[in-house]
Amino acid sequence: MKLSRTVGYAIQATLQLAESNSSAPIPCSRLAADGGMPERFLLQILRSLVTHGILRSTRGVEGGYKLDREAADISLLDIIEAVDGPLRSSLPSADKISTRARTTLEQGLTEVAEAARERLAAIRLNQLVGSSDGMDGSNDHPGPPPS
């Protein structure tokens with residue numbers, strides 16, 4: 001499964017917000033600079049996350065973005081679907097595939113998509129907060145995500 005750059009930025013920005021110790025909203029410009037993301041593109045992503053109830057935005061000089069829910073209440077599936085739309089399987093048009101083969105393929109793809117949706121829904125933002133990426137010199141090696 002390959003995630004889009006848009007999803008990557010959305011996950012990165014929500015993680016930054018979840019890890020923030022600030023009670024004040026964080027401006028898009030700071031999220032972009034700290035995360036090495038293009039600000040205009042990130043702004044569009046943040047708007048989608050606000051529209052889908054993941055983030056809350058505040059206007060004005062002291063404005064910015066905050067999580068709208070607790071990190072434990074936000075799943076990776078929530079973030080992915082907020083920016084990329086519903087996670088579904090689809091088989092491109094292939095006129096030369098038999099009806100039987102097409103039906104079998106579609107059923108298999110539907111099962112895989114549903115399993116992916118369930119797994120992504122089980123992974124919560126709070127599980128990713130503070131995860132070591134090996135860049136900070138710590139020796140934390142988290143185990144596999146819970147099943």
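Residues: numbered from 1 along the sequence shown.
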- Can you sort out the partners of Ser48 under side-chain contact (heavy atoms from CB on, under 4.5 Å), two or more places apart, ordered by chain and number? Val83
- If you look only at pairs with a residue in residues 20-42, which of them pass as a ring-ring contact (aromatic ring centres under 6.0 Å, His included), with sequence neighbours excluded? Tyr9-Phe41
- Message: So, taking the atom named CE in Met37 and the one named CG in Leu43, what distance separates them when rounded to the nearest 0.5 Å?
- Response: 12.0 Å
Sequence neighbours left out, cut at 3.5 Å: what donor-acceptor pairs do the side chains of residues 68-76 make with other protein atoms?
unit_1 : atom_1 : unit_2 : atom_2 : d
Asp68  : OD1    : Arg56  : NE     : 3.2
Arg69  : NE     : Gly53  : O      : 3.2
Arg69  : NH1    : Asp73  : O      : 3.0
Ser75  : OG     : Leu77  : N      : 3.3
Ser75  : OG     : Asp78  : N      : 3.0
Ser75  : OG     : Asp78  : OD1    : 3.4
Ser75  : OG     : Asp78  : OD2    : 3.2

- Item | salt bridge (charged side-chain N to carboxylate O under 4.0 Å, His left out) contacts touching residues 31-40 (sequence neighbours left out) | Arg30-Asp34
- Just grab all the ring-ring contact (aromatic ring centres under 6.0 Å, His included) pairs involving residues 98-117, residues at least two apart or on different chains. none
- Any chance you could measure Leu49, atom CG, to Arg47, atom CZ, to the nearest 0.5 Å? 12.0 Å
- Kindly state each residue pair satisfying ring-ring contact (aromatic ring centres under 6.0 Å, His included) with at least one member in residues 45-90, sequence neighbours excluded. none
- Task: Taking side-chain contact (heavy atoms from CB on, under 4.5 Å) as the test, write out the residues that go with Thr99, two or more places apart.
- Result: Thr103
- Note on the structure: For Asn126, the side chain to side chain donor-acceptor pair (under 3.5 Å) test, sequence neighbours excluded, returns none
- Item | Leu128 CG to Gln12 CD distance, which is reported to the nearest 0.5 Å | 12.5 Å
- Message: Please find the pair of heavy atoms, one from Val129 and one from Glu19, that lie closest to each other, and give the distance.
- Response: CG1-CG, 3.5 Å
- Message: With heavy-atom distances below 4.5 Å as the criterion, would you say the side chains of Leu125 and Ile54 are in contact?
- Response: no
- Task: Please identify each residue that fulfils side-chain contact (heavy atoms from CB on, under 4.5 Å) with Ala101, with sequence neighbours left out.
- Result: Ile97, Ser98
- Message: Among residues at least two apart in sequence or on other chains, which ones pass side chain to side chain donor-acceptor pair (under 3.5 Å) with Thr104?
- Response: none
- Message: List the residues meeting side-chain contact (heavy atoms from CB on, under 4.5 Å) with Leu3, not counting sequence neighbours, and say none if there are none.
- Response: Met1, Val7, Ile11, Ile80
- How long is the span from the CG atom in Leu42 to the CG atom in Leu46, to the nearest 0.5 Å? 4.0 Å
- Can you measure from OG (Ser89) to CD (Glu111) and round to the nearest 0.5 angstrom? 9.5 Å
- Query: Minimum heavy-atom separation for Glu81 to Pro86, with atom names?
  - Reply: OE2-CA, 3.5 Å
- CG on Leu15 to CG on Leu31, rounded to 0.5 Å: 11.5 Å
- Note on the structure: The side chain to side chain donor-acceptor pair (under 3.5 Å) partners of Arg124 (sequence neighbours excluded) come to none
